[in-house]
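So the structure is just underneath, and the comments pick up after that.
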Amino acid sequence: MWAKGSNWIPAHSFQSSVTEDYVRWLLESTTAANMNMLRVWGGGYYETDFFYQTCDELGILIWQDFMFACAMYPTTEQFLATVREEVRSNVLRLQHHPSIVLWSANNENEVAYVENWYFTNVAAKTFKNDYIELYIDVIRDEFLKYEIDGGRPWIPSSPTNGKLTEEQGWIAKDPRSNLYGDAHFYSYLVDPWDWKLYPPTRFASEYGFQSWESVESLANYSLPEDRTYHSEFANHRQHHPLGQIEMLFEISRRFKLPSEPYGQRDFPGIVYLTQVNQAMALKTETEYYRRMQDTFLADSSGGTQGALYWQLNSIWPSASWSSIEFGGKWKMAHYYAKEFFEPVLLSPYVDGDQFLVTLINDNTTTVTGELHLEVYGFADGFQPKSNRSLMVKQKPQSATVVFTEDVKTLLQRSSCVKAADCFVVASLIVPGSDVVIGVPNVYFLGAPKDTTIPRASMKVAAVKQVDGSPRVFTISVEAAAVAPFIWLEATGIAGRFSRNGHMQYHPVEDVQFTARSDTNAADLRRSLKIMSLMDVYQ
């Protein structure tokens with residue numbers, strides 16, 4: 001089974017404020033986005049019984065860190081006694097949960113020692129001995145005493161090199177190796193749409209990009225004058241050094257910035273662009289990992305078997321790596337996760353002068369379908385400029401390139417003057433029908449900033465209740481032209497859309513909305529706001 005998911009952090013700064021309803025919403029949002037695994041991060045706390053019971057119920061697999069992270073710890077007799085009690089009590093409390101599939105002794109402390117994050121080189125031998133005493137002699141020893149079924153693996157850290165780490169004395173020479181174990185990868189002053197940035201790791205257990213929470217969410221915790229990009233409020237809430245600068249740099253690789261990016265008027269547009277950037281970055285990186293599951297490079301790296309992005313939820317309202325805002329509202333990235341974690345996925349990309357499509361099948365049965373490739377122009381209306389189709393088949397739990405074409409040929413046959421003028425929609429269709437397997441996947445052939453995209457007038461054409469349900473509605477969105485990154489918000493009504501942040505390339509498209517509490521079509525329609533990329537540029 002290929003692991004698809006994210007990292008879980010504490011749901012609130014004040015744990016007494018966390019409700020079971022909120023935990024269930026976050027966990028149901030996990031499965032709704034086609035995830036099957038969460039990593040409970042070692043910088044938080046051991047979760048409640050309700051959390052693990054709900055994961056058991058929903059079929060969410062848990063990678064469980066012990067609560068040691070991002071620090072060198074003491075090894076006094078008194079401290080180690082508390083560690084033994086901590087391990088014993090939590091292993092005995094949690095081991096009966098079938099959702100827990102792996103235990104890790106710590107988060108990033110092996111790599112921190114090797115790379116001298118905390119200036120451990122000044123007393124390297126002492127810190128090494130302390131590390132081994134704490135994580136191997138104490139935590140591992142206590143775990144083996146009380147983990148009675150013996151079937152769940154224990155690893156000394158994350159990232160780590162598994163068996164090789166043990167052979168090298170429990171601290172690997174290179175904990176970030178792409179040939180063993182798992183990897184954490186972050187890089188910010190980059191073009192995050194470039195898939196070649198990302199490591200061909202065996203298992204990606206942490207990676208991510210920041211975005212801001214929506215203005216609707218921030219309005220609950222800020223004054224109007226706080227809502228500028230470099231306000232005292234924004235800088236206080238941004239806990240990642242240079243995070244504000246890095247987000248703007250990443251956005252500028254593919255998009256134009258608004259005319260007043262630091263002002264109050266354009267703050268909603270900047271927030272929107274941070275979410276677009278995060279969503280596209282995670283999509284690019286995750287699809288790369290999924291494509292790599294059956295691919296090994298010349299140095300034997302690759303063969304990726306899982307991707308857990310950082311992070312699922314947020315501990316407070318701020319800029320963060322989360323795909324779900326504080327309070328439970330889905331960011332654009334979470335809607336994208338629902339699609340890039342689909343069990344059957346077409347993943348288009350460009351490698352050099354070649355346009356390729358990989359078909360990924362996580363199912364246990366063979367998938368057969370008709371691959372449709374449609375090329376659209378941003379300024380050319382709703383009719384595709386060209387299309388191709390062919391029958392494809394993919395064996396279970398595998399990924400294979402099923403289509404290749406020279407980029408120059410693709411552009412010529414589609415009458416695209418330059419790559420940025422066009423985008424490709426890849427769909428897999430049930431033979432003899434118009435039923436889509438999974439979801440269509442849109443690929444930008446160039447940067448949106450390098451072409452002219454007409455501003456599309458859009459409106460909500462209709463809102464209808466589904467089968468009399470007080471919580472499920474169909475929303476019809478009408479657009480006058482191709483509209484990239486359409487974003488819908490139901491202001492004041494908590495819930496989630498079936499998709500959001502998508503490309504609309506038909507005159508009318510339907511989106512379903514599921515409210516968290518009872519409402520009606522009239523109230524929902526009044527609450528709806530809609531925008532797309534070109535609305536950012538006033």
Just by distance, no angles: are the side chains of [X] and [Y] close enough, under 3.5 Å, to form a donor-acceptor pair?
| X | Y | answer |
| --- | --- | --- |
| Y207 | T286 | yes |
| R253 | N277 | no |
| E213 | S318 | no |
| Q278 | S211 | yes |
| S386 | S414 | yes |
| S205 | D182 | yes |
| S323 | H334 | yes |
| Q275 | E325 | yes |
| S222 | R227 | yes |
| S259 | Y537 | no |
| H240 | E246 | yes |
| S476 | D510 | yes |
| Q238 | Q210 | yes |

Inset, instruction - Quick one: do V424 and L373 satisfy side chain to side chain contact (heavy atoms under 4.5 Å, CB included)? Show the steps, please. - result: CA-CA 7 Å; V424 180; L373 292 174; 4.1 Å; yes

Between [X] and [Y], is the gap from one ring center to the other below 6.0 Å?
| X | Y | result |
| --- | --- | --- |
| F203 | Y289 | no |
| W195 | Y349 | yes |
| H502 | W487 | no |
| H230 | Y262 | yes |

In this structure, are over 12 heavy atoms from other groups packed under 6.0 Å from [X] atom [atom1]?
| X | atom1 | result |
| --- | --- | --- |
| Q383 | CD | no |
| K418 | NZ | yes |
| K449 | NZ | yes |

Is the closest side-chain heavy-atom distance between [X] and [Y] below 4.5 Å?
| X | Y | result |
| --- | --- | --- |
| L359 | V401 | no |
| I437 | I429 | no |
| E287 | R290 | no |
| I475 | L528 | yes |

Parallel, tilted or perpendicular, judged at 30° and 60°: which one describes the rings of [X] and [Y]?
| X | Y | result |
| --- | --- | --- |
| W8 | F51 | tilted |
| F497 | Y335 | tilted |
| F14 | H12 | tilted |
| Y188 | W321 | tilted |
| F378 | F423 | tilted |
| Y288 | Y198 | tilted |
| F485 | Y336 | parallel |
| F355 | F403 | perpendicular |
| W193 | F444 | tilted |

So which atom in [X] and which in [Y] form the shortest heavy-atom distance, rounded to 0.1 Å?
| X | Y | answer |
| --- | --- | --- |
| A32 | K338 | O-CG, 3.5 Å |
| Q244 | A234 | NE2-CB, 4.0 Å |
| V375 | C416 | CG1-SG, 3.9 Å |
| S527 | I493 | OG-CD1, 3.6 Å |
| P484 | S532 | O-CB, 3.3 Å |
| A399 | T358 | CB-CG2, 4.0 Å |

What is the distance from atom [atom1] of [X] to atom [atom2] of [Y], rounded to the nearest 0.5 Å?
| X | Y | atom1 | atom2 | answer |
| --- | --- | --- | --- | --- |
| T201 | F185 | OG1 | CZ | 11.0 Å |
| D421 | S415 | CG | OG | 11.5 Å |
| S320 | I9 | OG | CD1 | 7.0 Å |
| I270 | T228 | CD1 | OG1 | 11.0 Å |
| S29 | I324 | OG | CD1 | 4.5 Å |

Legend entry - side-chain hydrogen bond (donor to acceptor under 3.5 Å, both in side chains) involving D523 - partner list, sequence neighbours excluded: N520, R526

Legend entry - With E405 via side-chain hydrogen bond (donor to acceptor under 3.5 Å, both in side chains) - residues at least two apart: R413

Legend entry - Test disulfide (SG to SG under 2.5 Å) applied to C55 - qualifying residues, sequence neighbours left out: none

Thinking salt bridges, do [X] and [Y] make one under a 4.0 Å N-O criterion?
| X | Y | value |
| --- | --- | --- |
| E478 | K459 | yes |
| D65 | R39 | yes |
| K283 | E339 | no |
| K329 | E216 | yes |
| E374 | K385 | no |

Inset, instruction - For M37 and L308, run side chain to side chain contact (heavy atoms under 4.5 Å, CB included): C-alpha distance rounded to whole Å, both residues' side-chain angles, the deciding distance at 0.1 Å, then the answer. - result: CA-CA 8 Å; M37 178 176 280; L308 309 179; 3.9 Å; yes

Inset, instruction - Carefully, step by step, assess I251 and T274 under the rule side chain to side chain contact (heavy atoms under 4.5 Å, CB included). - result: CA-CA 7 Å; I251 290 167; T274 68; 3.9 Å; yes

Legend entry - side chain to side chain contact (heavy atoms under 4.5 Å, CB included) assessment of N107 paired with C70: CA-CA 6 Å; N107 171 75; C70 306; 3.3 Å; yes

Under 3.5 Å donor-acceptor, [X] side chain and [Y] backbone:
| X | Y | result |
| --- | --- | --- |
| S6 | Y309 | yes |
| Q504 | H506 | yes |
| Q394 | V392 | no |

